[in-house]
Engineer: 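Dumping the structure here so I can ask a few things about it.
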Amino acid sequence: MVRTAMTGGRPSRSPCDVSVRKRSVGGTFIVAVVVLVGGCSSNSENQPQGRAAIPGTEYRNAEYVIEGQRIKLADGLAEADISPGSASRIVTRYFGNELKTDLNDDGREDVVFLLTQQRGGSGTLFYAVAALNTEAGYLGSDGYLLGDRIAPQTTVVSRNPRHKNVIVVNYGDRRPDEPMTAQPSVDKSVHLKLDAETVRWGIVVPGFEGESR
């Protein structure tokens, strides 16, 4: 089973009414949240399908979406003011842990890697992103939030024979009762599958009886 990841690793809160609908992508069920007509508006700037692919082979110059905001990297780095006139800046940076694999069965090698983002405080947020290798160039995905000041380990293709184009991000984290100053000592993994149409991550639930290829 795959659940759509919303705003990185955490569902975003919205005053809009939503409805949940199921659809199948490549034989795997994805749960999508659809906004109903009501007192909210659509921002086309935040729609993944509105992003343009970057010509060439350098995915470190592509555009990604982090927490609903478009981030255009330049050689793996992007900086922006937190607010007009603010001395603090949002710094998004290529981290690494690359995995090159075909995520959508088009015969091209795509890339999965980690980005970090600092927002003026002591925190360093880690996100998993993908760059789809299209005919027009690399198309960046949204970012899946792994956590704050985690310890990245490996990014691999799932070995589960029931999984197709599912990647596994492994990392170290803290227990809920531990302070952020503690060293990450708890091993965690997240199974992700990219929807090539929306360029958004879905969360795969390991061991779900309805899993399929």
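Every heavy atom of this structure was used, including side-chain atoms; hydrogens, water molecules and symmetry mates were not. Source: prediction; values computed, not measured.
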Engineer: Listed by chain and number, what are the side chain to side chain contact (heavy atoms under 4.5 Å, CB included) partners of Asn165, not counting sequence neighbours?
Structural biologist: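 Checked Asn165 against side chain to side chain contact (heavy atoms under 4.5 Å, CB included); matches are Asp105, Lys193.
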Engineer: Measuring from atom OH of Tyr127 to atom CD of Gln117, what distance do you get when rounded to the nearest 0.5 angstrom?
Structural biologist: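 Going from the OH atom of Tyr127 to the CD atom of Gln117 covers 5.0 Å.
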Engineer: Decide whether Ile66 and Leu145 are clustered together by the hydrophobic rule: side chain heavy atoms of Ile, Leu, Val, Met, Phe, Trp, Tyr closer than 4.5 Å, transitively.
Structural biologist: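 They do share one cluster, since a chain of ILVMFWY contacts under 4.5 Å joins Ile66 to Leu145.
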Engineer: Could you check, using the six-membered ring where one of them is a Trp, whether Phe126 and Phe95 have ring centers closer than 6.0 angstrom?
Structural biologist: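 Centroid distance Phe126-Phe95: below 6.0 Å, so yes.
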Engineer: Which ILVMFWY residues can you reach from Ile82 by hopping between side chains whose heavy atoms are under 4.5 Å apart?
Structural biologist: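 Members other than Ile82 - counting any ILVMFWY side chain reachable under 4.5 Å - are Ile90.
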Engineer: Taking atom types as modelled, find out whether Thr154 and Asn170 have a side-chain donor-acceptor pair closer than 3.5 angstrom.
Structural biologist: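 Side chains of Thr154 and Asn170: pair found under 3.5 Å.
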Engineer: Between Glu98 and Tyr59, is there a side-chain donor-acceptor contact under 3.5 Å, judged purely by atom types and distance?
Structural biologist: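 Distance-only check passes for Tyr59 and Glu98.
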Engineer: Please test Gln153 against Asp187 for side chain to side chain donor-acceptor pair (under 3.5 Å), starting from the C-alpha separation and ending with a verdict.
Structural biologist: CA-CA 9 Å; Gln153 296 171 356; Asp187 290 334; 3.2 Å; yes
Engineer: Can you name the residues that form a side chain to side chain contact (heavy atoms under 4.5 Å, CB included) with Asp177, not counting sequence neighbours?
Structural biologist: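 Once residues adjacent in sequence are excluded, the partners of Asp177 under the side chain to side chain contact (heavy atoms under 4.5 Å, CB included) criterion are Arg175.
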Engineer: What distance separates Leu73 CG from Arg60 CZ, expressed to the nearest 0.5 Å?
Structural biologist: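 If we round to the nearest 0.5 Å, Leu73:CG and Arg60:CZ are 10.0 Å apart.
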Engineer: Within the supplied structure, the quantity of interest is the number of heavy atoms (other residues, nucleotides, ligands) at a distance under 6.0 Å from Gln183 CD; does it exceed 12?
Structural biologist: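 Open: at most 12 neighbouring heavy atoms sit under 6.0 Å from CD of Gln183.
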Engineer: Provide the full list of salt bridge (charged side-chain N to carboxylate O under 4.0 Å, His left out) pairs with a residue in residues 144-155, sequence neighbours left out, each pair given once.
Structural biologist: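 The answer is none; no pair qualifies.
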Engineer: Checking Arg93 now: which residues fulfil salt bridge (charged side-chain N to carboxylate O under 4.0 Å, His left out) with it, not counting sequence neighbours?
Structural biologist: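 Salt bridge (charged side-chain N to carboxylate O under 4.0 Å, His left out) check on Arg93 returns nothing, list empty.
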Engineer: Quick one: do Lys188 and Asp173 make a salt bridge, cutoff under 4.0 Å?
Structural biologist: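 So Lys188 pairs with Asp173 through a salt bridge.
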Engineer: With Tyr94, which residues qualify under ring pair (Phe, Tyr, Trp, His ring centres under 6.0 Å), at least two apart?
Structural biologist: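 Listed in chain order: Phe113.
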Engineer: Working to the nearest 0.5 Å, report the span between NZ of Lys72 and OH of Tyr64.
Structural biologist: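 Lys72 atom NZ to Tyr64 atom OH measures 9.5 Å (nearest 0.5 Å).
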Engineer: At what distance, to the nearest 0.5 angstrom, does CG of Leu194 lie from OG of Ser141?
Structural biologist: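 Those atoms lie 6.0 Å apart.
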